[in-house]
Amino acid sequence: MMDKNYIPFHPTPSKPTFKAPAGAVDAHCHVFGPADKFPYHPKRKYTPCDASKEQLFALRDHLGFSRNVIVQASCHSTDNSALIDALESAGDLARGVAFVDDTITHEDIKKMHAAGVRGVRFNFVKRLVDSTPKEVFFSIADKIRPFGWHIVVYFEAAELEELIPFLKALNTTIVVDHMGTPNVKNGVDHPDFKRFVDFMADNDNVWCKVSCPERLTKHAPDYSDVYPFARTLVEQFPNRVLWGTDWPHPNMKVEAPNDGHLVDVIPHIAPTSELQQALLVDNPMRLYWA
């Protein structure tokens, strides 16, 4: 049973006004359960509503997208069964990012790779996961490197300065979730966001997702205060940015966003057809399907 204060995803999202280019990829979304088939982890920090692969794929089609990158959620921890099931159902229309620990074996990774997994996620947000020694992350990085997988990292802006030496030492492609979660109230000239921009500028192996305006905005459902942050990254690093819905939007505090409205943010942050093509098609295809 989901947490009593948990906010389920929007049941009837609008059809976007913005038409995504052919082959567009939702490069950050999740599947939850269903719990009767894929139970949530006993040590999870939250219990969400079920959000099935069938609902995800129906949303994909409704929004005018072609493919998904499904990211393992912390509520399932290292049991990637629901993720693998969704990938196997989608075939070539989905890729995955798993959550693993350092007990993962070469054979485990080989099986995940065959199902479509192309990366692992390291979560540093303390309210979502317990602290993990850095040595564990280095061990995982060594194990996945032969498969060409990348590492997705989720952290909050204030943690970046401390994390930079560690992230550089991973020596692989890194994808940062949600623009490094800046505090948009501070503006794009704040040292925290400038540090993130400089980090991307100094390290051409670092990508980011210009996603989750619904989490970053101070004025939902008006996301215009987030536009300058995402547009800065899209314009400065057009070949290293990705976009995703974050469906089914775990742990929202006020209301679940309308996914159609999230898609309509795209032309505000990627204002030209060339930038939209790179953000939604070329970049995710190069990272996940090449």
Side-chain angles (χ1 to χ4, degrees), residues 27-28 30 45 69 71-74 97 99-100 119-142 144-145 149-218 223 225-244 246 250-253 265 269 279 283-284 287:
H28 188 94
H30 312 281
K45 300 287 188 179
V69 178
V71 179
Q72 174 77 348
S74 62
V97 175
F99 183 72
V100 303
V120 295
R121 193 186 201 198
F122 293 170
N123 192 334
F124 299 99
V125 179
K126 296 178 177 62
R127 59 187 164 79
L128 297 177
V129 293
D130 295 323
S131 179
T132 301
K134 296 292 195 298
E135 293 75 16
V136 171
F137 294 126
F138 286 124
S139 173
I140 295 168
D142 289 341
I144 67 172
R145 190 169 288 109
W149 288 12
H150 62 271
I151 296 170
V152 175
V153 293
Y154 187 22
F155 56 80
E156 295 183 323
E159 299 164 333
L160 176 59
E161 186 171 18
E162 178 185 340
L163 284 171
I164 284 175
F166 162 72
L167 296 175
K168 288 184 175 180
L170 288 172
N171 192 30
T172 191
T173 299
I174 291 171
V175 180
V176 178
D177 278 342
H178 318 323
M179 300 184 280
T181 60
N183 183 341
V184 299
K185 182 176 65 176
N186 293 333
V188 293
D189 294 326
H190 189 272
D192 283 350
F193 188 64
K194 288 175 71 77
R195 181 180 297 112
F196 181 65
V197 173
D198 290 344
F199 176 56
M200 286 198 66
D202 293 342
N203 298 275
D204 60 9
N205 62 315
V206 177
W207 298 45
C208 79
K209 297 173 188 172
V210 288
S211 50
C212 285
E214 72 279 13
R215 296 191 184 280
L216 301 175
T217 185
K218 304 300 180 185
Y223 304 131
D225 56 344
V226 184
Y227 297 169
F229 295 84
R231 187 163 174 169
T232 295
L233 295 167
V234 168
E235 292 181 340
Q236 289 197 33
F237 311 106
N239 299 319
R240 288 188 278 140
V241 285
L242 305 166
W243 182 91
D246 195 34
N251 298 308
M252 295 301 296
K253 302 302 182 188
V265 167
I269 65 174
L279 176 67
N283 296 348
L287 188 63

Legend entry - Proximity of F138 and F166 rings by center, below 6.0 Å: yes
Inset, instruction - Indicate, with yes or no, if the rings of F137 and F124 have centres closer together than 6.0 Å. - result: yes
Legend entry - Where F99 and R121 come nearest, the two heavy atoms and their spacing: CD1-O, 3.3 Å
Inset, instruction - Please round to the nearest 0.5 Å and tell me the distance separating atom CG of D202 and atom CD1 of I164. - result: 8.5 Å
Legend entry - Rounded distance (nearest 0.5 Å) linking atom CG of L160 with atom CD of E162: 10.0 Å
Inset, instruction - Look up atom OG1 in T232 and atom CE in M200, then write down how far apart they are to the nearest 0.5 Å. - result: 11.5 Å
Inset, instruction - Mark yes or no for whether N203, through its side chain, and N205, through its backbone, hold a donor-acceptor pair below 3.5 Å. - result: no
Legend entry - Check: V175 and L287 side chains under 4.5 Å, non-hydrogen atoms: yes
Legend entry - Nearest atoms (heavy-atom pairs only) where G244 meets S211: O-CB, 3.5 Å
Legend entry - Minimum-distance pair of heavy atoms, taken over all atoms of H150 and V97: NE2-CG2, 4.4 Å
Legend entry - Passing candidate, ring pair (Phe, Tyr, Trp, His ring centres under 6.0 Å) with H178, options F155, Y154, F229: Y154
Legend entry - Any side-chain heavy-atom pair of I269 and V226 under 4.5 Å: no
Inset, instruction - Verify, without hydrogens or angle tests, whether S139 (side chain) and E135 (backbone) share a donor-acceptor contact under 3.5 angstrom. - result: no
Legend entry - Validation row: K209, V152 side chains within 4.5 angstrom (heavy atoms): yes
Inset, instruction - Check P182 against F193 and note the closest heavy-atom contact, atom names and distance. - result: CB-CD1, 4.0 Å
Inset, instruction - Side-chain contact test, heavy atoms from C-beta onward, threshold under 4.5 Å: evaluate it for M252 versus R215 and give yes or no. - result: yes
Legend entry - side-chain contact (heavy atoms from CB on, under 4.5 Å) partner of W207, chosen from L233, V241, T173, I174: T173
Legend entry - Short side-chain to backbone donor-acceptor contact, D225 and K218, under 3.5 Å: yes
Legend entry - Within 6.0 angstrom of K194 NZ, more than 12 heavy atoms from elsewhere: no
Inset, instruction - Hey, could you give me the SG/CH2 distance between C208 and W243, rounded to the nearest 0.5 Å? - result: 14.5 Å
Inset, instruction - Say whether, by atom type as modelled, one donor and one acceptor occur between the side chain of D204 and the main chain of R240 under 3.5 angstrom. - result: no
Legend entry - Exceeds 12 heavy-atom contacts within 6.0 angstrom, atom CD of E161: no
Legend entry - T217 versus E214, closest heavy-atom pair with distance: CG2-O, 4.0 Å
Inset, instruction - Please lay out, stage by stage, how K168 and V206 fare under the test side chain to side chain contact (heavy atoms under 4.5 Å, CB included). - result: CA-CA 9 Å; K168 288 184 175 180; V206 177; over 6 Å; no
Legend entry - Minimum-distance pair of heavy atoms, taken over all atoms of N283 and P238: ND2-O, 2.8 Å
Inset, instruction - Would you mind reporting whether R145 and I151 have side-chain heavy atoms less than 4.5 Å apart? - result: no
Inset, instruction - Flag the pair R195 and D192 as a salt bridge only when some basic side-chain nitrogen lies within less than 4.0 angstrom of an acidic carboxylate oxygen. - result: yes
Inset, instruction - Report the relative orientation of the aromatic rings in H28 and H30; use parallel for angles under 30°, tilted for 30 to 60°, perpendicular for over 60°. - result: perpendicular
